Amino acid sequence: MAASLHLNVPFNLKPAAKQSPRPARISCASPSAASPPKRYSITLLPGDGIGPEVISVAKNVLKLAGSLEGIEFSFQEMPMGGAAFDLTGSPLPEETLLAAQKADAVLLGAIGGYKWDKNEKHLKPETGLLQLREGLKVFANLRPATVLPQLVDSSTLKKDVAEGVDLMVVRELTGGIYFGKPRGFGTNEKGDEMGFNTEVYATYEIDRIARVAFEIARKRRGQLCSVDKANVLEALQFTVGSNSILEGTAAKQAMMRSSKILTCYSFMSCFCRDEASMLWRKRVTAVAADYPDVELSHMYVDNAAMQLVRYPKQFDTIVTNNIFGDILSDEASMITGSIGMLPSASLGESGPGLFEPIHGSAPDIAGQDKANPLATILSAAMLLKYGLGEANAAQRIENAVLDTLNKGFRTGDIYSAGNKLVGCKEMGEEVLKSVDSPVPATR
Ligand code: IPM
Ligand code: MG
C-alpha cells in the first residue's frame with residue numbers, strides 16, 4: 001500500500017518567498033543554472049539536551065535539499081532555553097526573540113532539563129518556549145502523526161490497529177490555560193496552599209484555529225473532529241473593562257481569598273457575556289457553516305484519548321485547544337512508533353513560522369549520539385513547505401527519510417530486529433545520501 005508522510009497539507013497561512021520569486025514548479029528537476037538562487041534566513045535554536053545534536057543534523061539536510069533546488073540559506077544560531085539561561089540569565093533573551101522575528105523561519109531543537117527544573121517559573125526553559133510562541137504569534141500548531149509501513153512494528157499498538165493511521169492534530173498554541181489569567185498561588189480559608197489557572201478562549205481565537213483546521217481537513221480526507229470537554233467546561237468568554245462578574249468562579253474566589261493575589265489582579269474586571277455556553281463547541285460549529293464539504297464531529301477529550309488507542313484510523317484531522325492538543329499529540333505519536341519521528345509546524349497569520357520536533361530534550365540520552373534526528377529533519381521539511389512555500393525541496397527531504405528507513409537504518413527508539421542500529425549522526429549522513437538520490441523513494 002502506498003503511504004506518504006503527508007506533510008504536504010497544501011495550506012499556507014502566509015505567502016511564501018519574498019526573494020527572487022520564481023514560477024512554481026511541479027517537478028523535482030534541478031533548477032537551471034541560469035536561475036538566481038533564492039535566499040532565506042533561518043534562525044536556529046538548538047536549545048538543550050539532544051537539541052544541538054538533532055539541529056546540527058537537520059541543518060545539513062536542509063542545506064543540501066535547498067541547494068538542489070536553487071535555494072541558499074543563511075543560518076543564525078541563537079541561545080534558547082536552559083542554555084540561554086546559563087549564558088544570559090534568561091531562557092529567551094531579547095536578541096533571540098528579535099532574531100527569530102526577523103528570520104524567514106525558525107527551527108528549534110528542544111528545551112528543558114533537570115538542571116533547570118527548580119528555576120523560578122519565569123526563568124524556566126519552558127517559559128522561554130511559551131514566550132517565543134507568543135512573540136511569534138504562532139497560534140496554529142500542526143502535528144501530523146502517520147504510521148509508516150516501515151515502522152508499523154515499532155508501534156506499541158497491535159499491527160492491525162496501527163497500520164494505515166494518518167492523522168493531523170491541529171492544536172491551538174497561544175491561548176487557553178497555558179496563557180490564561182488569573183493564575184497563581186494562594187491559600188484557601190483553611191490555610192491550604194492552592195494554585196490556579198484559567199482556561200479562557202475568546203471567540204476570535206477559536207474561530208481562527210477552527211478555520212485553519214477546516215482548511216486542512218478539506219485538503220485531506222474531509223473529516224474534522226473537534227475535541228473539547230463541553231460537558232464540563234465553559235471556556236468563558238471575557239470582555240475586559242466592565243463590572244466584575246468573575247464572582248462565583250473558582251478563580252475569583254481564589255483571588256478574593258488571597259490579598260496578595262487580589263493586589264496582583266485587582267486591575268482585572270471582567271464581564272462574562274455568555275457564561276452558560278460551551279464556547280469552543282459553539283464557535284467550531286458556527287465556523288463549519290463555511291465548510292459544507294467538511295464533515296464535522298465533536299468528541300469529549302476523555303473519549304478521544306480512548307479512541308486514539310482503540311481505533312485511531314477513525315481520525316483524519318483533529319482540532320483542539322492548547323492543553324488537550326499537547327496531551328493528545330504525545331499520545332498520537334506513540335501510535336506511529338516513536339515520539340522521535342514527529343515533526344511540527346507552528347504558524348501565525350504573518351511572520352516566520354516556528355518548526356520543532358514534538359519530542360523534548362531527552363536529557364537521559366543527551367550528548368551520546370543516540371537521539372533520533374528524523375523528527376527534526378521532518379520539521380525542516382515542514383519549514384520548507386509551510387514556512388517558505390518550497391514544496392519540492394520539502395519533498396526531497398520526505399523522500400530521503402522514507403528511503404533511509406527502507407534501507408533499514410534505525411535509531412534505538414525505532415529499532416527492531418533485522419535492521420541496522422545507527423546513532424544520530426549516522427542517521428543524518430544516511431538521509432543526506434538519499435536527499436541527492438535521483439530515485440524516488442519506494443513508499
Ligand atoms: C510541547 C511541549 C511544550 C508544551 C512544553 C515543553 C512547554 O510539551 O511542545 O508539546 O507543553 O507545549
Ligand atoms: Mg508536549
Side-chain angles (χ1 to χ4, degrees), residues 45-52 54-55 80-85 90-92 96-97 100 106-145 167-180 183 197-199 201 205 209 227 301 304-305 308 318-336 338-348 353-364 366 371-372 375-376 378-379 382-383 413:
L45 307 175
D48 309 319
I50 59 171
V54 293
I55 284 290
M80 166 81 201
F85 172 77
S90 161
L92 179 67
T96 298
L97 179 58
V106 182
L107 186 63
L108 170 74
I111 52 97
Y114 315 126
K115 186 176 172 193
W116 307 283
D117 277 354
K118 293 204 166 68
N119 278 18
E120 276 180 69
K121 170 92 192 300
H122 70 287
L123 299 176
K124 281 184 185 289
E126 290 78 3
T127 303
L129 178 58
L130 298 193
Q131 288 167 347
L132 179 67
R133 290 171 179 171
E134 193 178 28
L136 292 174
K137 299 188 171 60
V138 285
F139 67 88
N141 183 217
L142 317 186
R143 298 189 163 193
L167 61 88
M168 172 75 86
V169 177
V170 180
R171 169 187 178 193
E172 200 292 324
L173 199 63
T174 52
I177 202 162
Y178 273 58
F179 293 90
R183 61 194 300 147
N197 292 84
T198 304
E199 168 73 355
Y201 274 108
E205 292 175 292
I209 193 69
V227 172
V301 64
L308 269 172
I318 291 173
V319 62
T320 192
N321 70 11
N322 205 342
I323 192 147
F324 297 161
D326 179 45
I327 297 164
L328 294 180
S329 60
D330 267 28
E331 190 186 356
S333 78
M334 276 321 291
I335 306 169
T336 72
S338 170
I339 197 166
M341 290 299 299
L342 291 208
S344 80
S346 304
L347 307 169
L354 172 64
F355 301 84
E356 49 176 319
I358 82 158
H359 60 67
S361 59
D364 51 323
N372 182 348
T376 315
L378 291 171
S379 299
M382 291 188 99
L383 179 155
D413 57 319

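Remember, it's a predicted structure, so these values are computed and weren't measured experimentally. For the single chain, residues carry numbers from 1 onward in sequence order. In listed order, ligands and their atoms are each counted from 1.
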Among all protein heavy atoms, pick out the one at the shortest distance from [atom]; state its residue, atom name and that distance to 0.1 Å.
atom                   : answer
atom 9 (O) of ligand 1 : Arg133 NH2, 2.7 Å
atom 1 (C) of ligand 1 : Arg143 NH2, 3.4 Å
atom 4 (C) of ligand 1 : Tyr178 OH, 3.5 Å

Is there any N or O on [X] that sits under 3.5 Å from an N or O of ligand 1?
X      : answer
Asp326 : yes
Glu126 : no
Asp330 : no

*Heavy-atom contact under 4.0 Å between His359 and ligand 1?*
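His359: no contact with ligand 1 (<4.0 Å).
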
Would you check if [X] and [Y] make a side-chain contact, meaning some heavy-atom pair closer than 4.5 Å?
X      : Y      : result
Asn322 : Ile177 : no
Leu342 : Ser329 : no
Val301 : Ile327 : no
Ile50  : His359 : yes
Ser346 : Leu136 : no
Gln131 : Leu97  : no

Looking at [X] and [Y], would you say the former's side chain and the latter's main chain have a donor-acceptor pair under 3.5 Å?
X      : Y      : value
Asp48  : Ala83  : yes
Thr127 : Lys121 : yes
Thr336 : Ala145 : no
Thr174 : Lys137 : no

_For distances below 2.8 Å, what is the count of protein N, O or S atoms around the Mg ion (ligand 2)?_
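For the Mg ion (ligand 2), protein nitrogen, oxygen or sulfur atoms under 2.8 Å: 1.
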
*asked:* Using a 4.0 Å cutoff against the non-hydrogen atoms of Arg171, which atoms of ligand 1 qualify?
replied: 1 (C), 4 (C), 9 (O), 10 (O), 11 (O), 12 (O)

*For ligand 1, is any non-hydrogen atom under 4.0 Å from Lys124's backbone (N, CA, C, O), its side chain (CB onward), both, or neither?*
neither

